[in-house]
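Written below as structure tokens is the structure these notes are about.
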Amino acid sequence: PEKHTRNLDVYVIDIDQDMAGAFFLKASYNSQPGSLTLNWIFKQNYESPTDIVHDVERGQVWAAVYIRSQVTSLINQIID
């Protein structure tokens with residue numbers, strides 16, 4: 001089954017533009033191509049989270065990672 005994961009498209013949208021988003025983006029950019037990786041599609045600008053949900057529901061992509069605005073600040077507040 002692992003050989004099919006490269007056929008699964010996954011949007012990555014980083015609205016945070018800070019440490020949390022950068023960490024995830026780096027990890028997904030650095031994932032080795034092959035049987036265990038997903039097909040990451042990096043999106044710069046997206047209208048709204050609702051549009052992303054519709055793309056998943058319509059089967060345009062298998063999943064989406066949406067890193068919302070201020071998520072790095074929220075994580076830092078929880079850690080402090």
Side-chain angles (χ1 to χ4, degrees):
E2 291 93 11
K3 69 180 178 179
H4 300 293
T5 59
R6 69 179 174 270
N7 297 320
L8 298 176
D9 293 339
V10 178
Y11 282 166
V12 178
I13 303 101
D14 177 20
I15 305 300
D16 182 51
Q17 300 291 307
D18 206 341
M19 286 177 55
F23 179 82
F24 187 87
L25 289 176
K26 183 178 179 185
S28 50
Y29 278 131
N30 290 334
S31 64
Q32 296 296 318
S35 64
L36 297 178
T37 61
L38 299 168
N39 184 33
W40 302 109
I41 300 171
F42 301 94
K43 300 294 236 176
Q44 292 293 327
N45 296 316
Y46 227 87
E47 295 288 325
S48 72
T50 303
D51 293 332
I52 300 164
V53 170
H54 287 155
D55 282 354
V56 173
E57 290 175 341
R58 287 185 226 132
Q60 290 183 295
V61 293
W62 183 71
V65 176
Y66 181 83
I67 305 160
R68 70 185 186 113
S69 178
Q70 301 297 315
V71 76
T72 298
S73 295
L74 293 170
I75 292 170
N76 287 334
Q77 288 174 6
I78 292 168
I79 293 172
D80 289 338

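Index from 1, following the sequence. Not measured: the values here are computed from a predicted model.
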Restricting to ring pair (Phe, Tyr, Trp, His ring centres under 6.0 Å), what partner residues turn up for Phe23, sequence neighbours left out?
none
Output a table of donor-acceptor pairs, distance under 3.5 Å, between side-chain atoms of residues 65-76 and any protein atom two or more places apart or on a different chain; print 'none' if there are none.
residue, atom, partner, partner atom, Å
Gln70, OE1, Ser73, OG, 3.3
Thr72, OG1, Asp16, OD2, 2.5
Thr72, OG1, Met19, N, 3.3
Thr72, OG1, Ala20, N, 2.8
Asn76, ND2, Thr72, O, 3.3

same_hphob_cluster(Ile41, Ile52) at 4.5 Å side-chain heavy-atom cutoff
yes
Could you state whether Tyr11 and Val53 fall into the same hydrophobic cluster, counting links through intermediate Ile, Leu, Val, Met, Phe, Trp or Tyr residues with side-chain heavy atoms under 4.5 angstrom apart?
no
Between Trp62 and Val56, which heavy-atom pair has the shortest distance, and what is it?
O-CG1, 3.9 Å
Rounded to the nearest 0.5 Å, what separation is found between the CG atom of Asp9 and the CH2 atom of Trp40?
11.0 Å
Identify the heavy atoms of Asp14 and Gly21 that sit nearest to each other, and give their distance.
OD1-CA, 3.4 Å
My understanding is that only residues two or more places apart in sequence, or in another chain, count here; which of them pass salt bridge (charged side-chain N to carboxylate O under 4.0 Å, His left out) with Asp55?
Arg58
